[in-house]
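Remarks on the structure that follows.
In this chain, residues are counted from 1 in sequence order.
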Amino acid sequence: MSVRSKLSCAVVVVATLVGGRATASAINQNTAWTINRTNATTTYRVVAYGDSIFAGYNGAPYSVARRAAPYVDGEYLSTKWNSNIEVVRRTKSGARADDIYNSKIIAERSYMQASNTRVVMFEMCGNDYLQARSAFTSQTGTCSYSELDSALFNCTINMERAMQAINTYATTAKVKIISNIYYPGYDADNVLTNCTDSTTGTRVNKQTRFLPYMARSNWRACNLAARYGFQCADAFAEYMAADYDSNGDGQIDRDALRYRAGETEADYVNRITHTLRSTLRDANAHLVNSSASYDYIQSDNTHPTYSGSATIGISTSGNGSGSGSSDFSDSQFVNGQNPVWNQYGHERMGWSISTFDSATP
């Protein structure tokens with residue numbers, strides 16, 4: 001049964017897929033929110049670069065969800081470090097990877113250069129794949145996979161550039177993490193294209209065609225993370241597989257899907273697209289056990305759901321700010337998890353990121 005309906009509407013790298021259809025324009029949705037802690041005397045900074053995922057997109061250009069993944073991680077940090085945490089999101093909804101790299105990570109690098117910065121996170125590439133998928137869906141005649149290939153290439157190049165830049169500029173950061181791509185619209189993509197494959201002469205199943213691209217991108221995100229001193233938060237595993245062993249292989253499904261250090265790209269892709277494909281599930285109904293599920297994707301079939309109705313207002317210049325105490329008391333955090341850690345997409349992503357946070361600032 002579904003126990004949560006859809007919501008309508010630390011250096012961390014998080015590469016997540018942002019949507020079900022292409023966005024024609026990109027808008028700045030920058031926020032700064034300080035989580036205040038009683039009697040705390042020190043404020044540390046978390047910086048998040050990315051697109052509409054880290055922005056906390058909620059369907060409106062002039063507000064965003066407060067409890068987006070970067071905020072959730074900041075809340076865990078505030079409790080762990082007994083400190084105030086300033087969560088700075090420099091985000092551009094609709095932006096592709098090169099735009100995030102150039103206009104956010106490079107042009108706005110001063111935010112991560114602050115001496116109190118301890119965590120920097122970014123996610124990118126979603127709009128690259130989103131737009132390539134939309135273009136592929138509209139094809140007729142003989143299928144061309146060139147835009148999908150270009151999206152993967154450009155994603156890989158800019159993830160690496162982003163890591164190199166963060167390593168250069170975020171000199172006081174204690175943690176670096178990349179979270180890979182979840183697959184919104186997984187069930188909806190289980191249809192045939194209007195174009196035909198040049199080799200087989202038959203129409204192509206969209207899901208079967210796109211899934212290997214997601215897998216390659218995810219492997220490269222985590223492999224690059226290992227090379228550049230980052231951790232890898234596996235959003236694909238956290239969103240796309242159950243929190244119990246559904247196939248009797250002795251492993252919890254989400255754990256079985258995770259990236260494994262030392263595994264080749266080919267072996268990882270084969271494991272995701274063939275060996276364990278039967279355990280993949282649309283994140284609209286993320287199974288926490290065999291009988292209960294939560295909806296991790298908003299009604300747009302694209303963006304993560306979030307807890308509560310609190311938002312941060314965005315001005316016409318693309319900026320918003322505020323402050324407040326944590327939404328949960330210390331006693332509500334049990335085993336490093338808040339009470340809703342597995343009930344919403346942003347909560348799950350923020351918790352996954354938090355598992356890599358350092359014990360001390």
ask   = Would you say the ring centroid of Tyr129 lies under 6.0 angstrom from that of Tyr213?
value = no
Centroid separation Phe136 to Phe210 less than 6.0 Å =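 When the ring centroids of Phe136 and Phe210 are compared, they turn out to be within the sub-6.0 Å range.
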inquiry  = Tell me every residue that passes side chain to side chain donor-acceptor pair (under 3.5 Å) with Gln139, counting only those two or more places apart in sequence or in another chain.
reply    = none
ask   = Same cluster or not: are Phe54 and Ile27 linked, directly or through other Ile, Leu, Val, Met, Phe, Trp or Tyr residues, by side-chain heavy atoms under 4.5 angstrom apart?
value =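 Hydrophobic grouping puts Phe54 apart from Ile27.
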task = Would you verify whether the NZ or CZ of Arg67 falls within 45 degrees of the ring axis of Tyr306 while also being under 6.0 Å from that six-membered ring's centre?
result = no
Within the 3.5 Å criterion, strictly below it, is a donor on [X] or [Y] matched to an acceptor on the partner's side chain?
{"X": "Arg66", "Y": "Tyr71", "answer": "yes"}
{"X": "Asn301", "Y": "Asn284", "answer": "yes"}
{"X": "Thr305", "Y": "His346", "answer": "no"}

task = Mind listing the closest non-hydrogen atom pair of Ser63 and Gln29 along with its distance?
result =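 Shortest heavy-atom contact: O-NE2, 4.1 Å.
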ask   = Mind checking whether Tyr239 and Met349 have side chains closer than 4.5 Å, heavy atoms only?
value =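 Side chain of Tyr239 against side chain of Met349, heavy atoms only: contact under 4.5 Å found.
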key: Beyond-backbone contact of Cys222 with Tyr268, side-chain heavy atoms, under 4.5 angstrom   =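 They are not in contact (no side-chain heavy atoms under 4.5 Å apart), so the answer is no.
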inquiry  = For Phe153, I'd like to know if atom CZ has over 12 heavy atoms of other residues, nucleotides or ligands within 6.0 Å.
reply    =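 Counting neighbours around CZ of Phe153, 12 or fewer heavy atoms of other residues, nucleotides or ligands fall under 6.0 Å, so no.
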query = Does the side chain to side chain contact (heavy atoms under 4.5 Å, CB included) test come out yes or no for Ile181 and Phe236, once each step is laid out?
reply = CA-CA 6 Å; Ile181 300 171; Phe236 185 85; 5.9 Å; no
ask   = Apart from Leu287 itself, what residues make up its hydrophobic cluster when side-chain heavy atoms of I, L, V, M, F, W and Y under 4.5 Å apart count as a link, directly or indirectly?
value = Tyr244
message = Which Ile, Leu, Val, Met, Phe, Trp or Tyr residues join Ile252 in one cluster when any pair of side-chain heavy atoms under 4.5 Å counts as a link?
response = none
query = Can you tell me if Asp51 uses its side chain to pair, donor with acceptor, with the backbone of Ser93 under 3.5 Å?
reply = no
query = Hey, are Lys80 and Asp357 close enough for a salt bridge, meaning a charged N less than 4.0 Å from a carboxylate O?
reply = no
